[in-house]
Amino acid sequence: HVQLVVSGGGLVQPGGSLRLSCAASGFTLVSYGIGWFRQAPGKERVGVSCISSRGSVTTYADSVKGRLTISRDNAKNTVYLQMNSLRPEDTAVYYCASDFRPMNWCSLSAPAYKGSWGQGTQVTVSS
């Protein structure tokens, strides 16, 4: 069964850290660009970060630059999103998505991802 499994969310105080994982099952991520997206209640899903298939290209939304770091370990078939200095406005459900792009490509646009989407994990930043 082809799927992405997202984990690592939770409740954290402002200024805290979390690391999200996006693990592929049933396929290998090595030729896929991966994007991380988030959706807060009542708001649209927006892209926060993405990484190309080999990790040579990364992109961040302005709102998370300097605080979030995306990385991938193709040997473990997993992409990570390290989130530091978290703020209440980072509260959202976080999703990862894949698209078959064996090249230096990634995008923060959700419609660009035609492959699998993870189920989402809740991140809540609150004191």
Side-chain angles (χ1 to χ4, degrees):
H1 182 60
V2 173
Q3 62 178 348
L4 294 174
V5 179
V6 181
S7 61
L11 173 64
V12 64
Q13 292 186 342
S17 298
L18 285 173
R19 188 176 79 157
L20 305 184
S21 297
C22 173
S25 176
F27 70 109
T28 57
L29 282 179
V30 69
S31 296
Y32 287 77
I34 301 296
W36 280 100
F37 299 84
R38 68 186 183 189
Q39 187 166 19
K43 296 188 177 181
E44 293 185 352
R45 188 173 300 188
V46 296
V48 295
S49 185
C50 64
I51 188 166
S52 61
S53 60
R54 299 290 183 177
S56 57
V57 175
T58 59
T59 302
Y60 297 92
D62 288 343
S63 60
V64 305
K65 281 181 181 176
R67 301 187 298 116
L68 272 57
T69 303
I70 192 170
S71 63
R72 65 192 298 157
D73 186 338
N74 285 339
K76 294 184 178 180
N77 225 20
T78 302
V79 174
Y80 304 97
L81 186 67
Q82 177 67 43
M83 303 191 297
N84 299 328
S85 302
L86 284 164
R87 305 167 180 171
E89 54 264 39
D90 294 318
T91 295
V93 178
Y94 284 71
Y95 302 87
C96 64
S98 66
D99 195 72
F100 183 75
R101 304 274 187 147
M103 59 192 76
N104 294 332
W105 174 93
C106 78
S107 172
L108 296 181
S109 173
Y113 290 85
K114 309 299 185 185
S116 298
W117 280 76
Q119 83 283 9
T121 187
Q122 177 69 48
V123 171
T124 303
V125 185
S126 175
S127 54

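Quantities reported herein were computed from a predicted structural model and do not represent experimental measurements.
Leu18 and Trp36 fall within the same hydrophobic cluster, where Ile, Leu, Val, Met, Phe, Trp and Tyr residues are linked whenever their side-chain heavy atoms come under 4.5 Å apart, directly or through other members. In terms of hydrophobic clustering, with Ile, Leu, Val, Met, Phe, Trp and Tyr side chains grouped at heavy-atom distances under 4.5 Å, Ile34 and Leu108 are assigned to different clusters. Under a hydrophobic clustering in which Ile, Leu, Val, Met, Phe, Trp and Tyr are joined whenever their side-chain heavy atoms come within less than 4.5 Å, directly or via other members, Trp117 and Leu29 fall into different clusters. Leu20 and Leu86 end up in the same hydrophobic cluster when Ile, Leu, Val, Met, Phe, Trp and Tyr side chains are linked at under 4.5 Å.
In terms of the ring-ring contact (aromatic ring centres under 6.0 Å, His included) criterion, Tyr80 has no residue partners (sequence neighbours excluded). By the salt bridge (charged side-chain N to carboxylate O under 4.0 Å, His left out) test, Arg67 pairs with Asp90, sequence neighbours left out.
Looking at heavy atoms from C-beta onward, Ser17 lies out of side-chain contact with Val12 at the 4.5 angstrom threshold. The shortest side-chain heavy-atom distance between Ser49 and Leu68 does not fall under the 4.5 Å cut-off. Using a 4.5 Å heavy-atom threshold, the side chains of Val64 and Arg38 count as touching. Under the 4.5 Å side-chain criterion, counting only non-hydrogen atoms from C-beta, Ser107 is in contact with Tyr113.
Thr91 places a side-chain N or O within donor-acceptor distance of the main-chain N or O of Val125, the cut-off being under 3.5 Å. Within the 3.5 Å criterion, the main-chain N or O of Val93 finds no donor-acceptor partner in the side chain of Arg45. Judged purely by atom type and a 3.5 angstrom limit, Arg72 uses its side chain to pair as donor or acceptor with the backbone of Ser53. Between the side chain of Gln119 and the backbone N or O of Val6 there is at least one donor-acceptor pair closer than 3.5 Å. For the pair Asp99 (side chain) and Lys114 (backbone), a donor-acceptor distance under 3.5 Å is present.
Across every non-hydrogen atom of Pro111 and Ser109, the tightest pair is CD-OG, 3.1 Å.
Taking the six-membered ring where the residue is Trp, Tyr32 and Phe27 present perpendicular rings, their angle passing 60° and hence far from 30°.
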